[in-house]
Amino acid sequence: MVTCATGSTCELGECVVTPVCNPAQPRWTPGTLAFTEETAAWNLEGVLGTRLSAIDYDGDGWTDLFVRLGAGADDFGETRTLFLLRNTGEGTFEDVTQSSGIVARRSGEPGGRPVDVHAFADVDNDGDLDVYLGVSTADLTATGNERSEIMLQNPDHTFSFADEFSEVRLGTFTDTVAGASFVDFDLDGDVDLWTPHHGNGTASGFTFRPSHFFVNEGGAYFVDRTMDLGLSTRGWSDIDTINMAAAHARAWSGNACDLNGDGLPELLAASYGRAPNHLWRATGAAGAVTFENASMASGYAYDDDQVWQDDQFARCYCRANPMAEDCAGVEAPTVSCSDNWDHDTGREPFRLGGNSGATMCGDVDNDGDMDLLTSEIAHWWAGQGSDHAELMVNTGVEDVVFERPGREAMGIVIPHDDPGGWNEGIMSGAIFDFDADGWQDLYFGMSDYPGNHGVLFHQDSALQFTEVPRTEGVDHNRSHGIAVADFDRDGDLDVVVGHSRARCGAPDDCYPTMQIRLFENQLGANFVSLHLVGTTANRSAIGARVAVTAGGITQTHDVEGGHGHYGAQDDFFQHFGLGTACEADVTIRWPDVTLSTQSFHLVAGHRYRVVQGSEPELEDPPAPTSP
């Protein structure tokens, strides 16, 4: 007799998967409650943070949380700065930070190690997730002489240090890492590591630092190959070099995603402080890949709006210096003036860019290529020349070029209570399909200023959006940091958001603490979820491209290895909403040297484990287990 797994039935001696599906599953429409807050029910009270990742660190099939409050070591007592939270599978999380050893000190001293940046991947291809934990070493006394580390996971789900001679530790360099992405750039089956850097203050001023790319030589031993891969940049000494995005990035985040569909990942570094963003295009073939700077040609460095005359402090300068170059005809300011304008550099293109937080990759318009969602800090007084958070649409050309239709053209309207005094502190965001209709929706994590709160937009049709009212969506002031996953495995995507207490003040004031909050999805979904396992590709399948066709819509997702403002990561489980469809055709392009593909047909309502080269297997929710 044939014994079939849960979720399937025996028919004529064969196991047939039974669809779980509602053919009348509705889309979200205004007036429909999408999320309710369930923070206390999930045992998350007292968990504080702004840097969030959704990862199944212990491989039990339930997505866990990694939460950081910011810099500084965790003493596991009253001063908590980092949480590894295990999803029990029973609707709660438990804190396993200390018992896991994930932030143990290499020195062996008690207490935790400081962490500024994080990213997860199966570095040694042994079947479990390891982690990169980056830290600034500008002040080694403050870090207790601890450096950036790769921590390898053991069979009992604790962590141990990788090779102390790994160049990831940057023993001879000042480490100012601001983002991290695991990526298999050469498709050799071992994940490599991209770490954009910010910079640090010195006695002579602020020093910008080059980003680093570390190649995995196997067995979790990494070598810095930044220069010979074509990723070199120059110091901030020449204006033309800066304007052309050829100087060091002042990174606030990183990302890696295939933007032209050739199977090779592009590298991104989003820069703070009116510094150009960097985009590095991969060229060559597997085994001989290098990168070329496509920041300007792609349109990612900064937008084309080079108007400086509506900056209020530029107007102040021109009022005080009416004979200065280009000041003729500049309007009078509407602010109390102060000396906050450099007339020489303020008119340069790079100074008319943005203060960029995170950049997220995703196929928002379902045309098969990855678009970019940017996040920016923007102020009313800086005028329209300063870049604002927006959706950049991929044109699909091989050279990688993006268009910027503008928020208003897409219905992405972020209201401001005071048109003459607003500030947008958008540093985080997410691309995800909250109502499972097959179209990706957008979340802007807006923080750090009065009037700031998270804003969720529903995609009604291709690149046309409607704001989801706070009472129906994610109602959260000063929203900084977001993790999205099906935490309760009921088929729809839930959301965890962080909270910043910077510049507190009404309206939308800060909460008493930096408590994270979990919002459970109430909509239900027809879905398929995929757990990919590489064989000739890297075990985490980072870089795999998955296309799912259902109900006349084809969605495309890439498996990512970390992004975000000082660390964020999407769930490795690839979750697809199917709208009203009850079955889907799936194609996976694996990130190996041949870019091998697999195609199969699946029914809705299940998670499937797909080992490269094998048929999908049901991976129904397992029974809860003890750590």
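Cation-pi geometry between Arg517 and Tyr511 is met: under 6.0 angstrom from the ring centre, within 45 degrees of the axis. Under a cutoff of 6.0 Å and an axis angle of 45°, Arg80 and Phe83 form a cation-pi pair.
For the pair Arg347 and Glu325, the salt-bridge criterion is met [side-chain N within less than 4.0 Å of a carboxylate O]. Using a cut-off of 4.0 Å between Lys/Arg side-chain N and Asp/Glu carboxylate O, Glu266 and Arg281 are scored as not salt-bridged. Salt-bridge check for Glu149 with Arg169: passed, with a basic side-chain N closer than 4.0 Å to an acidic carboxylate O. The pair Glu390-Arg407 does not meet the salt-bridge criterion, since no charged nitrogen lies less than 4.0 angstrom from a carboxylate oxygen.
A donor-acceptor pair shorter than 3.5 Å can be found between the side chains of Glu376 and Ser356. With 3.5 Å as the limit, one finds a donor-acceptor pair spanning the side chains of Gln312 and Thr334. Residues Thr283 and Thr290 bring a donor and an acceptor atom of their side chains to less than 3.5 Å of each other. Side-chain atoms of Asn255 and Thr359 form no donor-acceptor pair, as typed in the model, at a separation below 3.5 Å. Under 3.5 Å, the side chains of His278 and Ser295 contain no donor-acceptor pair of N or O atoms. No hydrogens or angles considered: a donor-acceptor pair under 3.5 Å links the side chains of His212 and Asp224. Between the side chains of Ser428 and His565, not a single donor N or O lies within less than 3.5 Å of an accepting N or O.
Between Asp387 and Arg274, the closest side-chain pair of non-hydrogen atoms is not below 4.5 Å. Looking at heavy atoms from C-beta onward, Ile482 lies in side-chain contact with Val495 at the 4.5 angstrom threshold. Between Arg51 and Val67 there is no side-chain heavy-atom pair separated by less than 4.5 Å. No side-chain heavy atom of Phe208 sits under 4.5 Å from any side-chain heavy atom of Thr176. Using a 4.5 Å heavy-atom threshold, the side chains of Thr195 and Leu193 count as touching. You'll find the side chain of Met370 reaches within 4.5 Å of the side chain of Arg545, heavy atoms only. At least one side-chain heavy atom of Phe465 sits under 4.5 Å from a side-chain heavy atom of Leu442. Counting heavy atoms from C-beta on, the side chains of Met151 and Phe161 come closer than 4.5 Å.
Formation of a donor-acceptor pair under 3.5 Å by the Glu331 side chain with backbone atoms of Asp310 is not found in this model. Side chain of Asp558 to backbone of Glu560: no donor-acceptor contact under 3.5 angstrom is found. Ser271 contributes a side-chain N or O that, together with a main-chain N or O of Pro276, makes up a donor-acceptor pair within less than 3.5 Å.
Here the shortest heavy-atom pairing between Val177 and Tyr566 reads O-CE2, 3.6 Å. Closest non-hydrogen pair, Ala180 versus His118, comes out as CB-O, 4.4 Å. Annotation for Asn538 and Asp190: closest pair CB-N, 4.5 Å, computed over non-hydrogen atoms.
Under the 6.0 Å cut-off for aromatic ring centres, Trp252 and Tyr272 qualify, their centroids lying closer than that.
Ring-plane geometry between His416 and Trp422 is classed as parallel, the angle between the planes falling under 30 degrees on a 0 to 90 degree scale with a further cut at 60. Using bins of under 30°, 30° to 60° and over 60° for the plane-to-plane angle, the ring pair His343/Trp308 lands in the perpendicular bin. Under the 30°/60° scheme for interplanar angles, the aromatic rings of Trp194 and Phe213 are found to be tilted.
Results of the side-chain contact (heavy atoms from CB on, under 4.5 Å) test with Tyr317 over Cys337, Pro333, Cys327 single out Cys327 as the only residue that passes. Of the residues listed (Ile150, Leu170, Thr226, Asp192), the one engaging Phe214 in a side-chain contact (heavy atoms from CB on, under 4.5 Å) is Leu170, and it is the only one.
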